[in-house]
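What you see below is based on every heavy atom in this structure, not just the backbone, and it leaves out hydrogens, waters and symmetry mates. Chain letters run A, B, ... following the sequence lines, proteins first, then strands; residues in each count from 1.
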Amino acid sequence: MSTEVSPALNITPRVISTQPRRSDKVFRGVVTAGGLSSLLILGLIALFLGWRGFDVMRTQGISFITSSDWSISTDDLGNVVESNFGLAAMLVGTILCALIAVVIALPISVFSALFLNFYAPNWLKRILVSTIDMMAAFPSILFGIWGFLVLMPSVEYWAKLLHKYLGFIPIFDIKVPVYTRSPFVAGVVLAIMIIPIITSVSREVFSQAPLDRIQAAYALGATRWAMIKAVVIPHGRSGVIGGAMLGLGRAMGETVAVFTVLNIVFQINWQMLLGAGGNVASLIILKFGDASPYEINALMGAGLVLFILTLIVNGIANQIVKRTGKSGR
Amino acid sequence: MTIIEVKPTKPWAATPADRFRDIVILLGAIVASFLFVAATPMKGKLAYFFTFFFFYMCATAGYKLVTRGNMAARDALVSSVVSIGAVATLIPIISILATVVSKGVKGLHWSLFTTDMSLATPTDPIVAGGLLHAITGTITLVVLSLIISVPIGILTALYMTEIKGRLIGPIRFLVQAMSGVPSIVAGLFILSSVLYPITKAYSGFMGVLALSILMIPTIARTSEEVLNLIPNDLREAGVALGGTQWRTVAMIVLPAAKSGLVTAMILGVARIAGETAPLLLLTGGGDRVNPNPFDGPMGSLPYYIWKSFNAGSPEAITRAWAGLLVLVLLVLILFTAARMLGGKKK
C-alpha cells in the first residue's frame, strides 16, 4: 500500500550513558564529604587528645592507668617539680558506678519493655512510651540536682538497710559508716538516667519477635508468661544485652550528674556503699578550674582514655543490637 | 415459631463480677499492707510500696492457683512483677517533674526575663537579677549549633539513603559511635584543638562547636530513618522525568521529608539544650547579656543553674530550680513539637 519505511528504522541507535552528569558528580562529592565528616571528627578527637596528652602519658608510662595517685607540686615560679598522674582509682570508680547502674536498671527496663509490649492496653502504651522517651531528653544537670537534693536521703537510707541486713556479703560491707555521696548513690542516679535507653532498645527488640510464633504459642495453650519465655526472650536476649551495654557506655561518659552526687577520692575503692568514689569525667570537671597547663595535658590524656573506653563499649553494643535485628530466630 | 433475639455480648471483656473481684483484691492488698506496716517496726514509703506489692502478688497468684492451677498462678505472678517494673520507671519521672515545678515556681518572677545577673550575685534575694543573659545565651548557642550541624547531619543521612556507597557500613557505625561520645570529651577536644592553639579565649562559639559534635549524630540518625520512609517510587519518578539525582533529591525527596527533618532538628536541639559539661569548659559563663558569640564569655541556662547550685545558699538553690524549670519547659515544648510533627506523618 505505502512504500514509506517505518520511521523507527531510520533512527540511529541512542547512546545511553551511566556516567553521571557534572551536577551529579558535584552532588555526590559533597554528600560523600558530609558523610565522611563523622570519621573526620572522631579521628580528630583521638588525634588532638592524644597529642595533648602524649607528653604526660609518656612520662607516666603504664602508671597512668595503674597508679591512683594524682598530685602535682610546683616551685615558687610555677615550674613543675614533681607530678604523679594515675587514673586507676577513677577508672575503677567509673566502671563500678556504671555497673551498679546497669544492674539496677536492666531488670526494671526489661520489665517495663515487656509491660509496654505485651501487657499495657494501647492507650496506656502510647502515653508511657512518650513519657519514657521524654525522660531520655531531660538534661543531665536536672538528674544531678534532683539526685542530690531529693533522691540522696532515701538512697542513703536504703544503703543503711543493705549494710544492716546484707552486710555479710563483701560488696555491701563497709568499715567506716559514711554513706553520703557513695558510688551506690551515683549508681542509682545513673540507673534512672539509663532506664529510658535500655527500655527503648528492649522494646524495639521485643516488638520484632515473630508474630506467627507468638500466635502459635497462644494456640498451643500457653499463658502470656509461657509465651514470653518461649518466644520473646530467646528472640530478644542478645538485643537486650546490647541495650544494656549502650546504657553502660552512656553511664561511663556521664559527667555533671555524677559530679554532683559523688565524692571523689584518689584511692581505689570497691566498697560500693562507702562515700568515696572516682569517675574520670568528674575528675576532669573537678580539676579543670585550677589546673596548670601541664595538668590540663594530663586531663586531656584522661579524656582520651575515657573516649576509647566508651568507644569500645558502644561499638560492641551496636554490633550486638544490629545482629539481633537481622537474625530471625 | 418464636424468634430468638440474640443479645450482643463481649465474651472477652471482664464481667462485673471479675471487676469486683479485682477491686477487692486491690483494696485488700492496700489494707493488708497498712495493717502490716502498723503492726511491725517497718516504716516509710518504701515499706508500704513493698508490702503492698507483696500482698497483691500473693493474692492474685493465690486466687489463680486455686481457680486455674499452677501455670496460671505463675502467669499472674509475672504480671505483677512486670507491672512493678513499669511503675518503678514512672516514679522517678513523676518525682522529678513534681519537684521541678513545686520548687521552681517559687523562683519565678517577671524580671527574671528582663534582667541579667551583671548587678546581682546568686546569693542575693531572688527578686534581684534574672535569667535574660542565660536565655539569650542558650538561644544563641542552639541556633548556631543548628546552622553548623543540620547541613552535616542531613548530608550524612543522604549519603546513607541516596548514595549508598561502599562506605555505608563504616559510616553508620561511626555515626553510632559518635552519638556515644561523652559530652565532656567533646568539650576537651574543642579545648585542645581550637581554644588553646587558636582563639585562646572563652567564647560562645567554642561551646557551639562542642555542641555541634553532640548534635550531628542525633540529626543524622533521625534524618536517615525519615529519608528511608520516603517511597522509592518518588525517586524513580523524579529520575524518569529526566531529573538528575541532585534535582531529584533537592526538589522531591527533601521536600517530601520536610516535617520529618524538622523533627530531627528539634530532637537535636532537645539533646543539647541542657548539655552542661562542655559549656563549663568552653564558654566562660558570663553574667551579662552578650550578643556576640565570637567574643567574650557567654552565659547559658545550664551554666547559670550550675553556678547557682554551687553557690549553695537557699536563694541560690531557688534560682537553680527556677532555671531548671525554664530549661525543662523548653525541652518539653521542643519534645512535644517533635512528637506532633512526627505523629502527623504516620
[X] versus chain B, the contacting section by heavy-atom distance below 4.5 Å:
| X | value |
| --- | --- |
| A/Ile195 | side chain |
| A/Leu128 | side chain |
| A/Leu142 | both |
| A/Phe115 | both |
| A/Tyr119 | side chain |
| A/Leu36 | both |
| A/Arg52 | side chain |
| A/Thr260 | side chain |
| A/Met134 | both |
| A/Asp133 | both |
| A/Val30 | both |
| A/Thr32 | both |

Tell me which of these, [options], has more heavy-atom pairs under 4.5 Å with chain B than the rest.
| options | value |
| --- | --- |
| A/Leu44, A/Ile228, A/Val26 | A/Leu44 |
| A/Asp24, A/Ile132, A/Asn297 | A/Asp24 |
| A/Leu161, A/Leu42, A/Leu304, A/Leu114 | A/Leu42 |

I need the [X] [atom1] to [Y] [atom2] distance, nearest 0.5 Å.
| X | Y | atom1 | atom2 | result |
| --- | --- | --- | --- | --- |
| A/Phe148 | B/Phe309 | CZ | CZ | 5.0 Å |
| A/Ser37 | B/Met178 | OG | CE | 6.5 Å |
| B/Gln245 | A/Arg21 | CD | CZ | 11.5 Å |
| B/Arg74 | A/Lys229 | CZ | NZ | 5.5 Å |

What residue in [options] has the most heavy-atom pairs under 4.5 Å with chain A?
| options | value |
| --- | --- |
| B/Val185, B/Ile184, B/Leu90 | B/Ile184 |
| B/Val78, B/Leu77, B/Ile272, B/Leu267 | B/Val78 |
| B/Asn310, B/Thr89, B/Thr336 | B/Thr89 |
| B/Ser179, B/Ala86, B/Ala273, B/Ala72 | B/Ala86 |
| B/Ile168, B/Leu332, B/Ile96 | B/Ile96 |
| B/Ala270, B/Ala177, B/Ser193 | B/Ser193 |

Do you know which two heavy atoms are closest between [X] and [Y], and how far apart they sit?
| X | Y | value |
| --- | --- | --- |
| A/Trp225 | B/Asp75 | N-OD1, 2.8 Å |
| A/Ser38 | B/Val175 | OG-CG2, 4.0 Å |
| B/Gly85 | A/Phe111 | CA-CB, 3.7 Å |
| B/Leu191 | A/Met300 | CD2-CE, 3.9 Å |
| A/Ile141 | B/Pro302 | CD1-O, 3.7 Å |
| B/Phe335 | A/Ala137 | CD1-CB, 4.1 Å |

Have a look at [X] and tell me which of [options] forms a side-chain contact (heavy atoms from CB on, under 4.5 Å) with it.
| X | options | result |
| --- | --- | --- |
| B/Pro182 | A/Val280, A/Thr255, A/Leu306 | A/Leu306 |
| A/Val31 | B/Ile154, B/Ile163, B/Thr156 | B/Ile163 |
| A/Ile145 | B/Leu324, B/Val100, B/Thr99, B/Ile317 | B/Leu324 |

Is the closest side-chain donor-acceptor distance between B/Ser95 and A/Trp146 under 3.5 Å?
-> yes

[X] portion near chain A, given a 4.5 angstrom heavy-atom threshold:
| X | answer |
| --- | --- |
| B/Leu327 | side chain |
| B/Leu334 | neither |
| B/Val87 | neither |

Would you mind reporting whether B/Phe173 and A/Gln319 have side-chain heavy atoms less than 4.5 Å apart?
-> yes

